[in-house]
2 protein chains.
Amino acid sequence: MGQSADHLTSNQAQVLRHLRAANAPMTAYQLLGRMQNDRGAVAPPTVYRALKGLEEAGLIRRIETLRAWAPVAAIRPGVVVICDDCGTVRGVEAPSLLESLHQRLAAEGFAEARQTIEVHGRCGDCAEDRA
Amino acid sequence: MGQSADHLTSNQAQVLRHLRAANAPMTAYQLLGRMQNDRGAVAPPTVYRALKGLEEAGLIRRIETLRAWAPVAAIRPGVVVICDDCGTVRGVEAPSLLESLHQRLAAEGFAEARQTIEVHGRCGDCAEDRA
DNA sequence: GAGATATACGTTATAGTATAACATAGCGCA
DNA sequence: TGCGCTATGTTATACTATAACGTATATCTC
């Protein structure tokens with residue numbers, strides 16, 4: 001069930017810990033490798049089930065454009081901003097923007113259920129590094 | 001090379017024809033199946049190379065949230081709107097929306113390079129069908 | 001026309017991402 | 001105690017995508 005954030009299973013906690021320790025999204029199989037380092041035999045469903053639970057709890061998101069997972073609090077609706085230089089990902093709230101999109105689509109009769117908005121580019125820190 | 005739209009190879013034309021004949025995005029392996037029906041032996045790289053060329057020519061897009069491909073003219077920047085009932089996909093221009101997002105991020109020092117914006121929901125036609 | 005270069009294509013193999021299906025263990029509680 | 005629920009383990013497989021190498025063909029240049 002879509003569990004709330006007040007309790008994590010140990011697999012979920014372990015996955016979340018690895019995601020938070022990384023400074024960029026991790027693929028499911030990268031996580032699998034970490035867990036195998038930690039514990040020995042672990043199979044893909046273990047990782048995918050933990051990811052599913054964490055996503056439902058609003059603690060992580062799949063970054064569709066990277067096929068990877070990040071501990072971005074599910075500001076949902078929200079925008080994910082990804083630096084292609086350093087790999088960092090962060091969530092950005094943009095309520096007015098999303099409201100205007102919503103109204104735009106509603107006017108055409110489209111009932112919006114969810115959006116995925118991912119922006120790629122270069123963050124301020126990386127721009128400075130190359131200045 | 002990022003070829004322009006003025007010439008398609010025969011593989012590209014064949015893939016584009018199938019995508020246009022469908023009323024919903026198709027996965028690469030669905031396309032592969034169609035091409036095998038048409039011609040016999042075809043291997044995945046044939047399909048993926050055609051998809052890459054068509055994408056570079058701005059004739060199709062990968063729908064990230066569906067892991068599938070659609071003949072959506074690459075209004076880029078633009079918004080892709082997907083009906084989860086009937087599967088149809090269309091591109092929507094939203095320049096003012098994207099401009100405000102751009103400025104919002106620029107103000108934080110983020111140099112935006114490309115966005116992926118996909119909205120899921122139910123289109124007007126499908127809403128009527130259930131009315 | 002021979003050779004050089006470039007593009008598309010074919011072919012084989014493999015990498016990478018995700019889930020189905022079934023079995024087991026532990027917990028809360030009627 | 002026995003039932004139902006959740007989490008987990010385990011095996012196998014499905015689905016998505018690309019690497020690497022060889023061949024054919026067209027074009028250009030000398």
Side-chain angles (χ1 to χ4, degrees), chain A residues 1-19 22 24-57 59-70 87 89 116 118, chain B residues 1-19 22 24-57 59-70 87 89 116 118:
Chain A
M1 277 295 101
Q3 81 187 87
S4 56
D6 60 356
H7 176 66
L8 298 181
T9 69
S10 75
N11 282 336
Q12 288 170 352
Q14 189 178 10
V15 165
L16 185 56
R17 185 156 27 80
H18 283 301
L19 285 175
M26 295 179 70
T27 69
Y29 278 72
Q30 287 173 336
L31 285 162
L32 180 61
R34 300 293 174 87
M35 292 180 78
Q36 287 168 339
N37 280 347
D38 293 347
R39 289 165 46 185
V42 179
T46 298
V47 175
Y48 280 99
R49 282 195 283 239
L51 290 169
K52 182 165 186 277
L54 290 167
E55 186 173 47
E56 286 170 356
L59 295 170
I60 67 172
R61 288 185 62 164
R62 182 177 195 266
I63 310 301
E64 302 289 344
T65 48
L66 299 178
R67 284 97 139 166
W69 302 79
V89 168
T116 298
E118 298 178 6
Chain B
M1 284 283 104
Q3 83 188 86
S4 55
D6 61 356
H7 177 68
L8 299 181
T9 69
S10 75
N11 282 336
Q12 288 170 352
Q14 188 177 10
V15 165
L16 185 56
R17 187 156 26 82
H18 282 302
L19 286 175
M26 296 179 71
T27 69
Y29 278 73
Q30 287 171 337
L31 285 163
L32 180 61
R34 300 294 174 86
M35 290 180 79
Q36 288 168 339
N37 280 347
D38 293 347
R39 289 168 42 188
V42 178
T46 297
V47 174
Y48 281 98
R49 284 195 282 236
L51 289 169
K52 181 164 185 278
L54 289 167
E55 187 172 47
E56 287 170 356
L59 295 170
I60 67 171
R61 288 186 61 162
R62 181 176 194 267
I63 309 302
E64 303 290 343
T65 49
L66 299 177
R67 285 93 138 165
W69 303 79
V89 168
T116 297
E118 298 178 6

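Labels below follow one simple rule: chain letters A, B, ... track the order of the sequence lines, proteins then strands, and each chain is numbered from 1. Here the structure is a predicted model, which means the values were calculated and not measured. Worth knowing before you read on, the calculation uses all heavy atoms, side chains too, and leaves out hydrogens, waters and symmetry mates.
B/Q30 meets the side-chain contact (heavy atoms from CB on, under 4.5 Å) test with B/M26, B/T27; sequence neighbours excluded. Partners of B/E64 according to the salt bridge (Lys or Arg N to Asp or Glu O under 4.0 Å) rule, which considers only residues two or more places apart in sequence or in another chain, are B/R62.
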Sort me out a list of protein N/O and nucleotides 13-20 of chain D N/O pairs below 3.5 Å, or just none if empty.
{"unit_1": "D/dA17", "atom_1": "OP1", "unit_2": "A/R67", "atom_2": "NH2", "d": "2.9"}
{"unit_1": "D/dA17", "atom_1": "OP1", "unit_2": "B/R62", "atom_2": "NE", "d": "2.8"}
{"unit_1": "D/dA17", "atom_1": "OP1", "unit_2": "B/R62", "atom_2": "NH2", "d": "2.3"}
{"unit_1": "D/dA17", "atom_1": "OP2", "unit_2": "B/Y48", "atom_2": "OH", "d": "3.1"}
{"unit_1": "D/dA17", "atom_1": "O5'", "unit_2": "B/Y48", "atom_2": "OH", "d": "3.4"}
{"unit_1": "D/dA17", "atom_1": "N7", "unit_2": "B/Y29", "atom_2": "OH", "d": "2.9"}
{"unit_1": "D/dA17", "atom_1": "N6", "unit_2": "B/Y29", "atom_2": "OH", "d": "3.3"}

Taking only nitrogen or oxygen atoms into account, show me every contact under 3.5 Å that the protein makes with nucleotides 22-27 of chain D, one pair per line with its distance.
none

Mind running side-chain contact (heavy atoms from CB on, under 4.5 Å) on B/L31 and B/L51 for me, showing each step along the way?
-> CA-CA 10 Å; B/L31 285 163; B/L51 289 169; 3.9 Å; yes

For residues 33-45 of chain B, dump all side-chain donor-acceptor pairs below 3.5 Å to protein atoms at least two apart in sequence or in another chain.
{"unit_1": "B/Q36", "atom_1": "NE2", "unit_2": "B/V42", "atom_2": "O", "d": "2.9"}
{"unit_1": "B/D38", "atom_1": "OD2", "unit_2": "B/Q14", "atom_2": "NE2", "d": "2.9"}
{"unit_1": "B/D38", "atom_1": "OD2", "unit_2": "B/H18", "atom_2": "NE2", "d": "2.8"}
{"unit_1": "B/R39", "atom_1": "NH1", "unit_2": "B/N11", "atom_2": "OD1", "d": "2.8"}
{"unit_1": "B/R39", "atom_1": "NH1", "unit_2": "B/Q14", "atom_2": "OE1", "d": "3.0"}

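When each of B/L66, B/V89, B/T65 is checked for a side-chain contact (heavy atoms from CB on, under 4.5 Å) with B/E118, only B/T65 meets the rule.
As a whole-Å value, the separation of A/N11 CG from D/dT6 P is 17 Å. Between A/M35 atom CE and D/dT8 atom P there is a gap of 9 Å when expressed in whole angstrom units. Atom CZ in A/R39 sits roughly 12 Å away from atom C1' in D/dA7 (whole-Å rounding). One interatomic measurement links the two molecules: CG of B/L8 to P of C/dT7, which rounds to 17 Å at whole-angstrom precision. Rounding to whole angstrom units, CG of residue A/L51 and C1' of D/dA7 are separated by 15 Å.
At C/dT7, none of the side-chain N or O atoms of B/T9 fall inside 4.0 Å of OP1 or OP2 (strictly under the cut-off). Between B/T46 and C/dG10, a side-chain N or O to OP1/OP2 separation shorter than 4.0 Å is present.
Across all non-hydrogen atoms, the minimal contact from B/G87 to B/A24 is O-CB, 3.4 Å.
Note that the CG atom of B/L19 and the CG atom of B/L59 stand 10.5 Å from one another [nearest 0.5 Å].
Listed by first and then second residue, the side chain to side chain donor-acceptor pair (under 3.5 Å) pairs involving residues 44-54 of chain A are A/K52-A/E56 (not counting sequence neighbours).
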